[in-house]
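Encoded as structure tokens, the structure appears first; notes follow it.
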2 protein chains.
Amino acid sequence: MPKNPKIKVIAKSPAEWFAENKQIAGFDSPSRALYTSLREFIENALDAAESIGVLPEIRVRLRKLTKEELEELGVALNKVKGEYFELVVKDNGMGMAYDDIPLLLGKVLVGTKFAVIQHRGRFGLGGKMALIYAEMETGSPAEVFSARPNDKTVSHFVLKIDLRKNEPIIYVRERLPKSHFVDPWWNEKLEHGTIIRVITYGSWAGARNFVYKYLRLLATITPYATIVFEGPDVRKIFERVVDKMPSPPRISKPHPQGIDLATLRSLLEKTNAKTLKEFLTMEFQRVGPKTAENFCKYAGLDPNTLIKKLRNNEKLLVKIVSAAKSFNFLPPDASCLSPLGEDLLLEGVKAIFKPEWCSAVQRKPFSIEGHPVIVEAALAYGGNVPRGIRLFRFTNRIPLLFKEREDVAWKALESINLSNYGIKKDEAQLAFFVSIVSTKIPYSESSKDLVSPIPKLKQEIELAFRELLRRLKMYLSYKQKKRLREETKSILLKHASIFARSLSNILKTDSILKLREDQIFPILVDLIDTVVEEE
Amino acid sequence: MPKNPKIKVIAKSPAEWFAENKQIAGFDSPSRALYTSLREFIENALDAAESIGVLPEIRVRLRKLTKEELEELGVALNKVKGEYFELVVKDNGMGMAYDDIPLLLGKVLVGTKFAVIQHRGRFGLGGKMALIYAEMETGSPAEVFSARPNDKTVSHFVLKIDLRKNEPIIYVRERLPKSHFVDPWWNEKLEHGTIIRVITYGSWAGARNFVYKYLRLLATITPYATIVFEGPDVRKIFERVVDKMPSPPRISKPHPQGIDLATLRSLLEKTNAKTLKEFLTMEFQRVGPKTAENFCKYAGLDPNTLIKKLRNNEKLLVKIVSAAKSFNFLPPDASCLSPLGEDLLLEGVKAIFKPEWCSAVQRKPFSIEGHPVIVEAALAYGGNVPRGIRLFRFTNRIPLLFKEREDVAWKALESINLSNYGIKKDEAQLAFFVSIVSTKIPYSESSKDLVSPIPKLKQEIELAFRELLRRLKMYLSYKQKKRLREETKSILLKHASIFARSLSNILKTDSILKLREDQIFPILVDLIDTVVEEE
């Protein structure tokens, strides 16, 4: 008979837990961590600017620490594997309120992105993970300057997260007069926006290519943003190529399909509705009084059931949840989404890839588990497009760089026989772009690197690709025809003078009009032109 | 000038957060959720048995709810998309202490698996996610019976997690006399172990194949366990094929390589050491007094620095962390790992795949970022092995079913030219098995479905595969030779009588010995035998 084992039960704070499972948010190696820190800050910066309808101006500075700074930090000199950096990201976005900053930056599982809305965030904690990671590796706090449009002051904080307590540790908190403020890095004013700075650890050698690829693709999908990247060994500037930006995404009410008990309960707690019918129409999208009644009938519920009664009757709640799964609601409202649009996508692709030809298409909205989805795609051919067949993926306007082969878009591409579109794989020079926007991107299980090959989604992407390939085929055959024509023409022209001579010889016999070779030649040329163009 | 946006800052409890990000733990669709719930419970059950060195006896019951039960639950009848199930899993493991149960089952980010040890758990919250998911879909609490070996009683709990508070809600808590106890499902006693039961939602149609594949592979990698699965439409029994089990993994001290500040700080808080030197030797593996001194010299630290002083000197801590990254410590101790071993692996593969031939190999331990890693692999050929070339992956003795194409083992397999080993892809009948054990499996970013293609790891797997392929090649060529020999032999024998006749004719001329055909024949047969065997 075995003995009772000694088991220690340990409770962790969320901050501790995420610190120890940092790979969940993409901090699993020095290269990956550096890349992820950078992208999380940049994506928050873009969100901040877009949310107030301002064309984004993002500055990123990644600088290796000097010998002196390393000493200052305590790093055992010349014993360093990997490298230490100062990472600063500045945006012209909405800024943060003075009182919100400690919570927004000093505590995990706190955020502003928990609503039903299309946003770039991974789990609303990416940026914070970058702070935690920096803190774990270098022990140094984050510094932030932030100003909202109508504030008279710029908020200045230096803070850390107390991992054990999941609470902010604040070293500096002050309000500076906006009128006199210039930032310590670029010596610029800060009308509105945020500057965040961390001292972090990573491997630039390992991250470099990811970062460059990421920035290139980000510029492609965000052609209305100006992004200046000052890296350890290079400065890259992506000037905006358009001054128009897609309308920002809107927060929408949840769609009843696929709602769960937890969500239902919290909606019931918040609602001002008196009855079930009111509740359904007030708190959900696509539910009017009529639909509400039909649904209640369908679920075998009384539309006049009082909310009080609902709140403490599990059984009725389960009835709602289970019936909602199969009731035929209108598909979710896609107007809350913010796709890039065919024109902007085209501009982005042209600006970055400089193709000989390209085209873009946007598919009609559809829905997955109560969330609206829109697929946009582009195809670029020739010009500066790299040799071979490339696929570039975007979700809610962020590039996906990893695990391509398991992604829905790759599966869609695989299921197309390119030779049907007159494309020879070995001499191809094609780039496919697919951009998916949704209030909930169906990422594959826990990884945010790839999208699940959901049949409906795969089909939409495939149809988009096929449409683009048809257009390409037309362009190629037109090109082909044009070339043929020119060949025929040049051949005919080569012989024009001979025709002319022989013709004039024949005409000599004619008494009325005697034309010389040099008189006939131009006539022939015109003739050939028209004939060839018409054929 | 834009207006100050209205921003609502929301804080969430960890339980709420995980409920809303359930895809992180693999609950992103009804099919996937059912499969994941099942495997999480089974894996906890195996851990519970192995941890006290008992041969695991696992019972799993997955039963569709009856019409009456659905009514009782409140499910809107005949309006059900997907299905509702009772899932019960029973083990003969160590059980849980009465007082620990509310925490272990009623609160997330609480666990016993946070130590540096090889365990199956995903993030130590898989099982709890299964409870949360069930609660979110059906609102019904979990029921648990648990007994530890030396307890006189069986603990009985019915409880839920209050997602908002991340605290248990307890409906039933009682101690039942073990001597009289029989469980409500199998009417068996419970000497030691746990029975957990949830009412959950899912799609069996979608989960079935995953579950079957999973059980088959689990039985392969756990040949010492008996697993009885009573499913909605079938009963599968995997009887143990060996009574020997690998020694359980041991908790080990952290290896200094790649330690971070957070971990260092918490070690410093707990330690009884007085000086840095003592601390290093007491709290880390592979650090003796000599190494400790060398390391301090290397990092430019005084080995006699007092712990008190260290605790509140960030700079010194950073020195330690940064120097530890590059100091040349002994590789981590692999004796804490629990690989299956070549023999058991072989038994498992034979029992489930019934191949004509198979072989297994265990590689030497190596380390990744301060964590020991052991690679085991097997190759099965012919017999009941399915047509084609299959790869089956295991990490810490759990099967990985998804995203194969991006897995390190697949990349390793791809880089081998099978034809060099006399294998024709189209007529092959091969199954490759790879099992990785480590105190930290390098899963690819956040997904636990695939292992990162870390070059060192890829190489180890490739070498294992090549070794196995060499052995297979030998077997195949031996087989080949054997067949050839038999052919030659049968041909020779076919003509033996003719030889015999002609020989006897010749011999007739000889005066001394006159042998008849029937006298010569047996001599010839012997001759052929020896000749052919020798060639």
Side-chain angles (χ1 to χ4, degrees), chain A residues 1-5 7 9-12 14 17 19 21 23-24 26 28 51-54 73-76 79-81 94 100 103-104 109-112 114 123 136-139 148-150 163 260-262 298-300 314-319 322-323 325-326 403 405-406 445-447 449, chain B residues 1-5 7 9-12 14 17 19 21 23-24 26 28 51-54 73-76 79-81 94 100 103-104 109-112 114 123 136-139 148-150 163 260-262 298-300 314-319 322-323 325-326 403 405-406 445-447 449:
Chain A
M1 186 67 163
K3 292 250 156 305
N4 283 358
I7 293 299
V9 178
I10 311 155
K12 290 201 182 284
W17 191 86
N21 293 278
Q23 79 283 0
I24 285 185
D28 45 2
S51 63
I52 51 171
V54 171
L73 193 63
V75 174
K79 315 262 188 328
V80 183
K81 198 167 165 240
M94 60 178 164
D100 293 344
L103 277 180
L104 286 176
L109 306 193
V110 172
T112 59
F114 292 135
F123 320 112
M136 280 164 66
E137 289 294 345
T138 73
R148 292 187 307 167
N150 309 122
L163 297 180
D260 61 56
L261 268 178
Y298 178 80
E314 278 293 296
K315 205 163 154 175
L316 292 182
L317 300 189
V318 174
K319 250 200 174 59
S322 59
K325 289 182 196 298
S326 55
K403 310 207 189 84
R405 294 306 161 104
E406 292 290 344
E445 214 232 333
S446 51
S447 169
D449 284 338
Chain B
M1 187 67 163
K3 292 248 155 306
N4 282 358
I7 293 297
V9 178
I10 311 154
K12 289 200 183 283
W17 190 86
N21 294 278
Q23 80 282 0
I24 285 185
D28 46 1
S51 63
I52 50 171
V54 170
L73 193 64
V75 174
K79 314 264 187 328
V80 184
K81 196 167 164 240
M94 59 177 164
D100 293 344
L103 277 179
L104 286 176
L109 305 194
V110 171
T112 59
F114 293 134
F123 320 112
M136 281 164 65
E137 290 293 347
T138 72
R148 292 187 307 167
N150 309 119
L163 298 180
D260 61 57
L261 269 177
Y298 179 80
E314 278 293 299
K315 207 164 152 175
L316 293 182
L317 300 188
V318 175
K319 252 201 173 58
S322 59
K325 290 183 196 298
S326 57
K403 309 206 189 83
R405 295 305 161 105
E406 292 290 343
E445 214 231 335
S446 52
S447 169
D449 283 338

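Lettering of chains follows the sequences in order, A, B, ..., and the numbering in each one begins at 1. These numbers were taken from a predicted model, which means no experiment stands behind them.
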Residue B/Glu137 versus chain A: region with a heavy atom under 4.5 Å: both

Heavy-atom pairs under 4.5 Å with chain B, option from A/Leu261, A/Leu103, A/Leu317, A/Asn4 with the top count: A/Asn4

Residues which pass side chain to side chain donor-acceptor pair (under 3.5 Å) with A/Asp100, listed by chain and number, not counting sequence neighbours: none

Nearest atoms (heavy-atom pairs only) where B/Leu109 meets A/Pro14: CD1-CA, 3.5 Å

Contact winner vs chain B - A/Met94, A/Arg405, A/Lys315, heavy-atom pairs under 4.5 Å: A/Lys315

Per-residue contact mode, A/Ala262 against chain B (heavy atom under 4.5 angstrom): both

Contact origin within A/Ile52 toward chain B - heavy atom pairs under 4.5 Å: both

